K.L.:
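To start, I am sharing the structure in question, which I have written as structure tokens.
Values reported hereafter were calculated over all heavy atoms of this structure, with side chains retained and with hydrogens, waters and symmetry mates removed. Treat the numbers as computed from the prediction; the structure is a model and nothing was measured. Chain naming here is simple, since letters A, B, ... match the order of the sequence lines and numbering starts at 1 in each.
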Amino acid sequence: MTIAAPVNEWFAQNRRDLPWRRDGFGAWGILVSEFMLQQTPVARVIGPLAAWLDRWPTPADLAAVPAGEAVRAWGRLGYPRRALRLHACAVAITDLHGGVVPENVDELLALPGVGEYTARAVAVFAYGHRHPVVDTNVRRVIARAIEGQADAGPPSTKRDLAAMEAVLPADDAAARVTNAAVMELGALICTARSPRCDACPLADRCAWRAAGYPERLGPTRPGQAKYEGSDRQVRGLILAELRASDIPVPRAELDALWPDAAQRERALTGLLADGLAVASESGFTLPN
DNA sequence: AAGACGTGGAA
DNA sequence: TTTCCAAGTCT
């Protein structure tokens with residue numbers, strides 16, 4: 001396609017100076033940043049990421065502590081199972097890869113918590129390999145600029161990767177920039193709500209704009225389930241309690257957290273099943 | 001393959 | 001106030 005050049009030029013002038021884009025940030029730092037960025041805004045990741053890498057500068061450092069320490073340090077970033085998986089990742093990297101974050105997509109995909117996006121992000125941004133990197137921003141930019149749709153359709157790894165591949169320059173280094181640039185364009189300009197088309201480097205060739213900004217066709221996707229009063233909220237309350245305590249938290253203390261006993265039970269059972277909590281003689285703790 | 005999985009900020 | 005959505009992954 002013809003969007004790589006203008007987007008790369010725009011990126012050169014408008015890229016944010018983010019920690020993981022600094023020279024020498026390292027594959028481990030980039031891997032940790034990608035875990036934290038999964039469904040979590042950039043602004044909320046900056047601080048916790050720095051603290052994390054200060055405490056665990058290498059995979060072996062993290063692998064050497066109990067998984068519960070990772071869950072505790074995760075704090076309020078959300079989706080705490082990511083902390084568990086990142087810890088498991090550190091163990092696998094230490095035991096199976098000599099403490100070095102692997103650089104091949106297939107090896108990365110085999111790591112816990114590393115999916116199609118994260119594997120390619122690490123291979124490309126940490127190691128400079130040439131792959132399409134597709135996240136929610138990229139999917140939206142392609143849907144609009146190229147396909148003329150208001151939003152991306154349902155995710156399809158095969159189609160999405162092929163669509164981004166068609167955008168990438170042949171050169172490894174240029175392709176790496178384009179991956180970051182399209183992502184950045186989606187994050188700053190071609191946003192989900194109120195895109196800033198007046199500042200978009202693709203405005204003169206955007207298929208969606210050319211078509212007169214048609215609304216999304218087909219059924220709107222189901223909204224996110226309500227958080228207030230959900231099992232997820234109860235899990236969050238219980239886990240916050242475990243995080244805050246150095247000693248086992250008695251059952252009675254957890255019971256005081258939420259009025260609905262059945263819901264409490266579901267939440268606690270779920271946390272136990274996920275390995276985010278473990279039972280001990282006197283109560284419950286983070287995993288050892 | 002639709003749904004579960006946290007949390008907080010912006011509209 | 002409510003709703004939307006944020007560099008996804010797993011089952």
K.L.:
With the threshold set at under 4.0 Å for non-hydrogen atoms, list the residues of residues 226-238 of chain A touching DNA chain B in residue-number order.
P.N.:
A/Tyr227, A/Arg232, A/Arg235, A/Gly236
K.L.:
Does C/dT9 have OP1 or OP2 sitting under 4.0 Å from an N or O in the side chain of A/Thr118?
P.N.:
yes
K.L.:
With the side chain of A/Arg81 defined as its heavy atoms from C-beta on, choose the nearest nucleotide among B/dA11, B/dT7, B/dC5.
P.N.:
B/dC5
K.L.:
Heavy atoms only, 4.0 Å cut-off, all strands: where does A/Val114 land among base, sugar-phosphate and nothing?
P.N.:
sugar-phosphate
K.L.:
Examine B/dG6: is either OP1 or OP2 under 4.0 Å from a nitrogen or oxygen in the side chain of A/Arg76? Give yes or no.
P.N.:
no
K.L.:
As a quick check of understanding, evaluate salt bridge (charged side-chain N to carboxylate O under 4.0 Å, His left out) for A/Asp255 and A/Arg251, giving each step before the final call.
P.N.:
CA-CA 6 Å; A/Asp255 286 346; A/Arg251 181 74 188 226; 3.6 Å; yes
K.L.:
A/Trp74 and A/Trp52: aromatic ring centres closer than 6.0 Å?
P.N.:
yes
K.L.:
Would you mind classifying the nucleic acid contact of A/Arg21 as base, sugar-phosphate or nothing, using non-hydrogen atoms under 4.0 angstrom?
P.N.:
base
K.L.:
Once hydrogens and angles are ignored, does a donor-acceptor distance under 3.5 Å link the base of B/dT7 to the side chain of A/Arg44?
P.N.:
yes
K.L.:
For A/Gly115, report the nucleic acid contact type (base, sugar-phosphate, nothing); a contact means any heavy atom under 4.0 Å.
P.N.:
sugar-phosphate
K.L.:
What contact category does A/Ala121 fall into here, base, sugar-phosphate, or nothing, at under 4.0 angstrom with non-hydrogen atoms?
P.N.:
nothing
K.L.:
Record whether the side chain of A/Thr40 comes under 3.5 Å of the base of B/dG6 through a donor-acceptor pair of N or O atoms.
P.N.:
yes
K.L.:
Rounded to whole angstrom units, what separation is found between the OH atom of A/Tyr79 and the P atom of C/dT11?
P.N.:
15 Å
K.L.:
Looking at C/dC5, does its base get a donor-acceptor pair with the side chain of A/Gln224 below 3.5 Å?
P.N.:
yes
K.L.:
Is any side-chain N or O of A/Gln38 closer than 4.0 Å to OP1 or OP2 of C/dG8?
P.N.:
no
K.L.:
Would you classify A/Ser33 as touching base, sugar-phosphate or nothing, given that sugar-phosphate means primed atoms plus P, OP1 and OP2, and contacts are heavy atoms under 4.0 Å?
P.N.:
nothing
K.L.:
Is there a side-chain contact between A/Gln233 and A/Trp258 in this structure, where contact means two heavy atoms from C-beta onward sitting under 4.5 Å apart?
P.N.:
yes
K.L.:
Could you go through the side-chain hydrogen bond (donor to acceptor under 3.5 Å, both in side chains) check for A/Asp231 and A/Gln263 one step at a time?
P.N.:
CA-CA 6 Å; A/Asp231 287 3; A/Gln263 202 172 12; 3.1 Å; yes
K.L.:
Send over the distance from A/Leu31 CG to C/dG8 P, rounded to a whole Å.
P.N.:
15 Å
K.L.:
Please state the P separation for the pair C/dA7 and B/dA4 - nearest whole angstrom.
P.N.:
23 Å
K.L.:
Quick check: do A/Arg120 and A/Val134 have side-chain heavy atoms less than 4.5 Å from each other?
P.N.:
no
K.L.:
Indicate whether the side chain of A/Tyr127 and that of A/Arg176 have a donor and an acceptor atom separated by less than 3.5 Å.
P.N.:
no
K.L.:
Using the side-chain contact (heavy atoms from CB on, under 4.5 Å) rule, take A/Ile46 and A/Trp20 through it: C-alpha gap first, then chi angles, then the decisive distance, then the call.
P.N.:
CA-CA 9 Å; A/Ile46 306 283; A/Trp20 45 91; 3.9 Å; yes
K.L.:
Which nucleotide, C/dA7, B/dT7, B/dG9, lies nearest any side-chain atom of A/Arg193?
P.N.:
B/dG9
K.L.:
Nearest whole Å is fine: how far is C/dA7 P from A/Leu37 CG?
P.N.:
8 Å
